[in-house]
Colleague: 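Quick one: the structure is below, and I'll ask about it shortly.
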Amino acid sequence: MREFPRTLDYSGLNTPIGAEYELPGLEVEGRIPADVEGVFFRATPDPAFPPYMEDSGAVLSGDGMISAIRFSRGQVSFAIRYVQTERHKAEVAAGRALFGKYRNPFTDRPEVRGVDRTVANTTPVWHAGRLLMTKEDGRPYQIDPRTLETLGRYDFGGKLRSQTVTAHVRIDPETGEMFFYGYEADGLASNKVAYCVADQRGHLISEQWFDAPYCAMMHDFTITQNYALFPIYPTTCDLQRLEAGGDHWIHEMQRDSWVGVMPRYGRVSEMRWFRGPKGVSCYHMMNAFEDGEGRIQFDQCLSAVNAFPFIQRASGLNIPPGETGSRLERWTIDLNDGSDSVVATVIGPPGDFPVIAAVDQGRPYTRAWMLTMNPDMQGPPVAGGPVGAMFNLLLRLDLTGQPPQALGLASAHCFNEPVHVPASVPGHEGWLLTVVDQQTGPADFRHSVWVVDAGNLASGPVARIRIPHRLRPQVHGWWVSAAALAVHS
Ligand SMILES: [Fe+2]
């Protein structure tokens, strides 16, 4: 019998499920557009075993599970499996947890010393015919996209030197190259960062290391057509704290943020560092582009403090979720005026989980989507996820100055991060796929996949697919078209 602690990390929407299953022939309400032909892969962490010690960051350490929602000629099926990480296999063999606190190997049981401790639970990344389950504290695991079987750890054919790979890669829509990085690249609390490029066939063609200003949580980065941007926010790690059994991260409000900017095909020795505001934090970046006047415009879901309650507590901070100063903020970086700082402008609302069309990556863009809180909602948001409150309003932002479109949910409902599916009809903005959770009791939920017209949110979902099984909150997802899958099958 699995007995988990009675905390927010393990209750309500976050209640562990621990089941692998397949659900063929799901009931479809409405009509699925012909463009929606492929697979919506999702990362949904789910701890297989109760922890043996208190861990404030446990919500980020659930074992990686990959799920696939397959769309084929109007039919939909669902499947979910554990990622067979070294950690998961060791714990299954023992029948109990063997790894201790979030990103602190000094708290592990001695018998697993040296065992890869990543849970590969953050983003399913598709590139060059490979499906990788990623988490920023380790190397990815390769997954068979048809069976969801784990094929093993992935190190680009033995070429990768970095011990870590980010869960947030950027793929250039014209060249097909994948740009990525790993931080703490040579070990815990290190400020070494590996900047990597894989070509359109998935071959690692460049890996260069540089020193970040300090060891920071580098959850995301971004590219333009000619540059790579490495933002650094002051959520920091300290080896002595880890050795003493402490938390991996604390947030330092008095420390500067930075953005490293280098030509994306250049040398790391060309990196220029631009200073940002003190104390700010960002998990996800919307996009970046060159504006034709020698400036880079870099858009991010920024907050005035790290939004994760467990990191705030470790830092002596305690700021309610609605008061973290969250906003979509543009940092303008002028490469020619001799300045070494950014100019910040608020361009959008609070929120997170930014989504852009793949073709807009690194380019000037006019539309984007994100999740936020419905200001008109009656009652509290659904509790769940790492922040403790789930989003319930989907926005389409118009970056030319027109008002946003919104799709709000009734109380006791919430959105998971959408993926964007491009349309075949020119001028159509495509579709968003998102899982909507509905809380029907203290530990009871109903779940559906919604298909929404990305250019017409207000009309509501064009199709809803009920998933008759409990689901855990999703971290990130990835859309892979049937055509892309077929090329590589
Ligand atoms: Fe993320």
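Whatever order the structure lists them in is the order used to number ligands and atoms, beginning at 1.
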Colleague: Give every protein N, O or S atom lying under 2.8 Å from the Fe ion (ligand 1), naming each by residue and atom.
Modeller: H168 NE2, H219 NE2, H284 NE2, H476 NE2

Colleague: May I ask you to decide if the ring planes of F445 and H447 are parallel, tilted or perpendicular, using 30° and 60° as cut-offs?
Modeller: parallel

Colleague: Does R70 have any salt bridge (charged side-chain N to carboxylate O under 4.0 Å, His left out) partners at least two apart in sequence or in another chain, and if so, which?
Modeller: none

Colleague: Show me the donor-acceptor pairs within less than 3.5 Å that the side chains of residues 314-326 make with the rest of the protein, sequence neighbours left out.
Modeller:
residue: S315; atom: OG; partner: H251; partner atom: N; Å: 2.7
residue: S315; atom: OG; partner: I311; partner atom: O; Å: 2.5
residue: S326; atom: OG; partner: G351; partner atom: N; Å: 3.0

Colleague: Taking the six-membered ring for Trp and the single ring otherwise, decide whether the centroids of F221 and F179 are under 6.0 Å apart.
Modeller: no

Colleague: I would like to know whether W431 and D453 meet side chain to side chain donor-acceptor pair (under 3.5 Å); could you show each step before the answer?
Modeller: CA-CA 5 Å; W431 312 92; D453 183 336; over 6 Å; no

Colleague: Considering residues at least two apart in sequence or located in another chain, which fulfil the side chain to side chain donor-acceptor pair (under 3.5 Å) criterion with H413?
Modeller: none

